[in-house]
Every structure is written in structure tokens, then in C-alpha cells.
Amino acid sequence: MIALLAAQAPRLDRALKKVAKQGGEVVLIDGTLIPTRRRTGKADRRNDSGKYRHHGLHFLAVTDERGRLIWISAARPGRTHDITAARHDHILAHLRAAGLGALTDLGFCGLDNDVRDPVIVTGFTATRAHKLTPGQKTANRVLATGRTPVEHGFAHLKNWRTLTKLRTDPARATHLLRALLVLTNLEVNR
């Protein structure tokens with residue numbers, strides 16, 4: 001049953017084309033860690049996330065402007081960074097092909113270095129030597145407000161109780177999450 005539902009999950013290129021066809025201009029992209037129970041052995045050490053200090057699997061998700069999940073990536077080890085996962089999935093090329101832009105968090109800084117025609121919008125980062133100006137702080141607040149629906153999309157997905165007890169390999173977790181994506185969209189669209 002899980003495999004049948006997972007097969008119904010849309011591919012990234014088709015999901016983005018559907019958003020563009022419906023008149024959307026921007027999608028929201030973010031990564032999350034689905035906690036897993038630690039399995040024994042050295043093979044599971046790569047699932048340890050230093051950021052969250054927990055074992056888990058990393059997923060990228062794309063939502064529309066209203067926060068409905070439209071695509072979810074394959075499971076990657078918990079130590080995977082957002083920008084690395086986005087590069088492996090060729091998200092930038094898919095966005096350009098669909099003619100869409102994306103709002104992201106600071107985890108995607110450096111993914112889109114095209115100054116003339118940027119597709120991905122991230123916030124401004126501060127360093128010790130470079131403090132943010134009031135305008136940059138305001139821009140970060142506006143961007144954070146615009147990105148709020150992606151967090152709601154993740155919350156809908158993480159409501160499934162089966163994700164609290166996840167102890168499986170990444171391939172099966174990918175099928176499970178894509179099946180839950182299909183079920184979540186059916187539930188939300190009622």
C-alpha cells in the first residue's frame with residue numbers, strides 16, 4: 001500500500017510546472033530532520049545531525065505560497081546540509097525551467113549566485129565585521145513572514161504518528177514520506 005501511494009507523489013519538475021500553470025510565481029523551500037531511533041553500528045553515524053544533536057533523516061520539501069506540500073525529496077543522512085540536498089536534486093535548474101522563484105532560509109545562501117537573474121531569495125547574514133543595517137533586518141523579517149507557510153506544511157506532514165517511531169532505512173523512509181505526502185494532500189484538500 002505504501003508503494004502504491006508513494007508512486008502517486010509528484011516529481012519535482014511536474015509539481016513546479018503545475019504551480020506555474022496555476023499562476024503561482026513563488027514556491028517555498030526548506031529542509032527538515034525527521035527524527036529516527038538510533039540503530040547500532042558505524043553505518044548509522046552518518047544519520048547523526050550535529051545541528052539538532054539527534055539521529056534522523058534529512059528531507060527537502062517544496063510548498064506553494066499557501067503552505068501546501070507539493071514535493072518532498074528522497075531521504076538523506078541527517079548530517080546533510082540543505083544546500084547540498086538542493087544541489088543533488090538540481091532544484092535551481094528545475095526552478096529556472098518552470099519560470100518560478102523560491103523563498104528560502106539562510107541554509108540556502110550561495111545556491112544561486114546569478115546576480116542578474118536570481119531565482120532563489122535568501123536573507124542577509126551578519127558577521128563579526130559586518131553588522132546588518134536596519135533595512136537588511138527589515139528585509140529578513142519580511143522574508144521570514146513570507147516563509148511561514150512552509151513550516152505549516154511541515155507541521156501537517158509531521159502530524160502523522162508513524163513518524164515518531166521511525167526506525168528504517170532511507171529508501172523505505174522515502175517511500176513512507178511520499179505516501180504520507182499524498183495522504184496529507186488528500187486530507188488538506190477536502
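In this chain, residues are counted from 1 in sequence order.
- Linking Ile, Leu, Val, Met, Phe, Trp and Tyr residues whenever their side-chain heavy atoms come within less than 4.5 Å leaves L180 and F154 in two separate clusters.
- Pairing each heavy atom of L100 with each of G24, the nearest pair is CD2-O, 3.2 Å.
- In this structure, I70 is a member of the same hydrophobic cluster as I29, with clusters built from ILVMFWY side-chain heavy atoms closer than 4.5 Å.
- At least one side-chain heavy atom of D30 sits under 4.5 Å from a side-chain heavy atom of E151.
- Considering every non-hydrogen atom in both L181 and A9, the closest pair reads CD2-CB, 4.3 Å.
- Between atom CD1 of residue I91 and atom CD1 of residue I120 there is a gap of 7.0 Å, rounded to the nearest 0.5 Å.
- W160 CH2 to T184 OG1: the interatomic distance, rounded to the nearest 0.5 Å, is 5.5 Å.
- No more than 12 heavy-atom neighbours from other residues, nucleotides or ligands sit within 6.0 angstrom of NZ on K17.
- Separating the CD atom in Q8 from the CG atom in N185 is a distance of 12.0 Å, to the nearest 0.5 Å.
- Placement of L92 and L106 in two distinct hydrophobic clusters is found when ILVMFWY residues are connected by side-chain heavy-atom separations under 4.5 Å, directly or transitively.
- R14 is listed as a side-chain neighbour of R11, based on a closest heavy-atom distance under 4.5 Å.
- Within the model, atoms CG of L95 and CG of D13 stand 11.5 Å from one another, a figure rounded to the nearest 0.5 Å.
- A side-chain donor from one of D82 and H58 sits under 3.5 Å from a side-chain acceptor of the other.
- Among V19, L103, V121, the single residue meeting the side chain to side chain contact (heavy atoms under 4.5 Å, CB included) criterion with V26 is L103.
- In plain terms, the two heavy atoms of H94 and L12 that are nearest each other are CD2-CD2, 3.4 Å.
- At a threshold of 4.5 Å between non-hydrogen side-chain atoms, the residues D105 and T122 do not count as touching.
- Counted by atom type alone, T63 and W71 present zero donor-acceptor pairs between their side chains at under 3.5 Å.
- To the nearest 0.5 Å, atoms OG1 (T104) and CG (L111) are separated by 7.5 Å.
- Applying the salt bridge (Lys or Arg N to Asp or Glu O under 4.0 Å) test to E65 and every residue at least two apart in sequence or in another chain returns nothing.
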**Message:** Let's go through T32 and K158 carefully: what are the C-alpha distance in whole Å and the side-chain angles of both, what is the deciding distance for side-chain contact (heavy atoms from CB on, under 4.5 Å) to 0.1 Å, and is it a yes or a no?
**Reply:** CA-CA 10 Å; T32 190; K158 289 183 177 181; 2.6 Å; yes
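- Annotation for A179 and L5: closest pair CB-CB, 3.6 Å, computed over non-hydrogen atoms.
- A side-chain donor-acceptor contact under 3.5 Å links T174 to the backbone of A75.
- Nearest heavy atom pair, residue A173 against residue L57, reads CB-CD1, 3.4 Å.
- V27 has its side chain out of reach of D64: every pair of non-hydrogen atoms, C-beta onward, lies at least 4.5 Å apart.
- Atom CZ of R87 has more than 12 neighbouring heavy atoms from other residues, nucleotides or ligands inside a 6.0 Å radius.
- The cluster map of Ile, Leu, Val, Met, Phe, Trp and Tyr, joined by side-chain heavy atoms under 4.5 Å apart, puts I83 and L60 in the same cluster.
- To the nearest 0.5 Å, the span separating NZ on K21 from NZ on K18 amounts to 9.5 Å.
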Side chains of residues 128-140: which donor-acceptor partners sit under 3.5 Å, not counting sequence neighbours?
from: T133; atom 1: OG1; to: Q136; atom 2: N; distance (Å): 3.2
from: Q136; atom 1: OE1; to: T133; atom 2: N; distance (Å): 3.1
from: T138; atom 1: OG1; to: P134; atom 2: O; distance (Å): 2.9
from: N140; atom 1: OD1; to: F124; atom 2: N; distance (Å): 2.8
from: N140; atom 1: ND2; to: F124; atom 2: O; distance (Å): 3.0

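- Residues I34 and L183 fall within the same hydrophobic cluster, defined by Ile, Leu, Val, Met, Phe, Trp and Tyr side chains chained together at heavy-atom separations under 4.5 Å.
- When side chains are defined from C-beta on, L28 does not count as touching V62, because their heavy atoms never get closer than 4.5 Å.
- Under the salt bridge (Lys or Arg N to Asp or Glu O under 4.0 Å) criterion, R96 pairs with D112, D114, D117, sequence neighbours left out.
- When all heavy atoms of G146 and P149 are compared, the pair lying nearest together is O-CD, 3.4 Å.
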